[in-house]
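Before any comments, here is the structure.
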Amino acid sequence: QTQLHEAGGGLMQAGGSLTLSCAASGRTFTNNVMAWFRQGHGKEREFVAGINWIGDVTDYADSVKGRFRISRDYAKNTVYLQMNSLSPEDTAVYYCAARNNYFVRYDDEDYEYWGQGTQVTVSS
């Protein structure tokens, strides 16, 4: 059974840093796009960051550009999201997703695999 497992969420003060990880099990995602989405309370799920299957192209939402960094470790079948300069607006449940394709997409309907989500709360 293919699963994605997020970890690393928690409570952080504004201005702090946090790194999320997403470990895949059941299969490798070497040839898949990996991405992070988030959903704040009462909001729709939104794209945060994505990385292509080679790992040489990344894309970010404007709201996190310059503060967040996505990376992947093929040997560990894991993708990371390093988050810096956190603000209360970053408070959300963060989801890891994988797509059976080579290119990053912003629509969550384009992703076939999802993790259960991890809560990130940033206090002011």
Side-chain angles (χ1 to χ4, degrees):
Q1 183 179 0
T2 300
Q3 290 185 322
L4 299 174
H5 307 271
E6 300 101 336
L11 176 64
M12 180 61 62
Q13 286 190 331
S17 298
L18 205 60
T19 298
L20 305 181
S21 64
C22 172
S25 62
R27 57 163 286 184
T28 61
F29 285 89
T30 305
N31 296 323
N32 293 82
V33 163
M34 302 297 294
W36 288 93
F37 287 76
R38 68 185 181 186
Q39 186 169 19
H41 183 68
K43 299 180 181 179
E44 292 187 355
R45 188 159 57 185
E46 63 176 357
F47 173 84
V48 175
I51 186 167
N52 72 336
W53 68 290
I54 299 177
D56 63 343
V57 176
T58 57
D59 202 356
Y60 298 90
D62 288 342
S63 59
V64 307
K65 202 170 292 184
R67 301 188 297 121
F68 290 11
R69 179 177 179 271
I70 188 171
S71 61
R72 62 192 302 172
D73 185 326
Y74 293 94
K76 295 181 178 180
N77 211 21
T78 298
V79 64
Y80 302 94
L81 183 68
Q82 181 179 346
M83 305 184 293
N84 300 315
S85 302
L86 286 164
S87 72
E89 289 69 35
D90 296 316
T91 295
V93 177
Y94 284 72
Y95 296 92
C96 174
R99 180 168 188 260
N100 289 326
N101 202 284
Y102 298 141
F103 304 105
V104 175
R105 290 291 182 264
Y106 304 141
D107 193 333
D108 60 1
E109 294 185 357
D110 289 324
Y111 291 78
E112 291 84 7
Y113 304 96
W114 289 88
Q116 79 287 352
T118 185
Q119 176 71 47
V120 173
T121 302
V122 184
S123 62
S124 57

Answer yes if Val33 and Tyr95 sit in the same cluster of Ile, Leu, Val, Met, Phe, Trp and Tyr residues linked by side chain heavy atoms under 4.5 Å apart, and no otherwise. yes
Taking C-beta and beyond as the side chain, do Asn101 and Asn32 meet within less than 4.5 Å on heavy atoms? no
Treat each ILVMFWY residue as a node, draw an edge where side-chain heavy atoms are under 4.5 Å apart, and state whether Val79 and Val120 are in one component. yes
Name every donor-acceptor pair, under 3.5 Å, that has one atom in a side chain of residues 8-21 and the other anywhere in the protein, sequence neighbours excluded.
residue	atom	partner	partner atom	Å
Ser17	OG	Asn84	OD1	2.9

For Glu112, the salt bridge (charged side-chain N to carboxylate O under 4.0 Å, His left out) test, sequence neighbours excluded, returns none
For Phe103, does the CZ atom have more than 12 heavy-atom neighbours from other residues, nucleotides or ligands under 6.0 Å away? no
Give a yes or no on whether the backbone of Phe29 and the side-chain of Arg72 come within a donor-acceptor separation of less than 3.5 Å. yes
Tyr111 to Trp114 - nearest heavy-atom pair and separation: O-NE1, 3.2 Å
Minimum heavy-atom distance Asp73-Tyr80, with the two atoms named: CB-CE1, 4.0 Å
Show which side-chain atoms of residues 53-62 pair as donor or acceptor with protein atoms under 3.5 Å away, not counting sequence neighbours.
residue	atom	partner	partner atom	Å
Asp56	OD1	Asn52	ND2	2.8
Asp59	OD2	Tyr106	OH	2.2
Tyr60	OH	Ile70	N	2.9
Asp62	OD1	Lys65	NZ	3.1

Is there a path of hydrophobic side-chain contacts, each under 4.5 Å between heavy atoms, that joins Phe37 and Leu81? no
Side chain to side chain contact (heavy atoms under 4.5 Å, CB included) partners for Glu89, two or more places apart: Ser87
Without swapping roles, check the side chain of Thr30 against the backbone of Thr28 for a donor-acceptor pair under 3.5 Å. no
Is there side-chain contact between Val93 and His41, with at least one heavy-atom pair below 4.5 Å? no
Is it the case that over 12 heavy atoms from other parts of the model lie below 6.0 angstrom from the CZ atom of Arg45? yes
Identify the heavy atoms of His5 and Gln3 that sit nearest to each other, and give their distance. CE1-OE1, 3.2 Å
Spell out, as yes or no, whether a donor-acceptor pair under 3.5 Å connects the side chain of Glu6 to the backbone of Gln116. yes
Is it the case that one hydrophobic cluster holds both Phe47 and Met83, taking links as side-chain heavy atoms less than 4.5 Å apart, direct or via other members? no
By the disulfide bond (SG atoms under 2.5 Å apart) test, which pairs, at least two apart or in different chains, include something from residues 16-124? Cys22-Cys96
Going through the distances and angles, do Val64 and Arg38 end up as a side-chain contact (heavy atoms from CB on, under 4.5 Å)? CA-CA 11 Å; Val64 307; Arg38 68 185 181 186; 3.9 Å; yes
Against Tyr113, only a single residue in Arg99, Arg27, Met34 fulfils side chain to side chain contact (heavy atoms under 4.5 Å, CB included); can you say which? Arg27
Evaluate the side-chain proximity of Phe68 to Asp90: yes if any heavy-atom separation is below 4.5 Å, no if none is. yes
Does Tyr94 have any ring pair (Phe, Tyr, Trp, His ring centres under 6.0 Å) partners at least two apart in sequence or in another chain, and if so, which? none
Spell out, yes or no, whether Leu4 and Ile51 are grouped together once hydrophobic residues are joined by side-chain heavy atoms under 4.5 Å, including indirect joins. yes
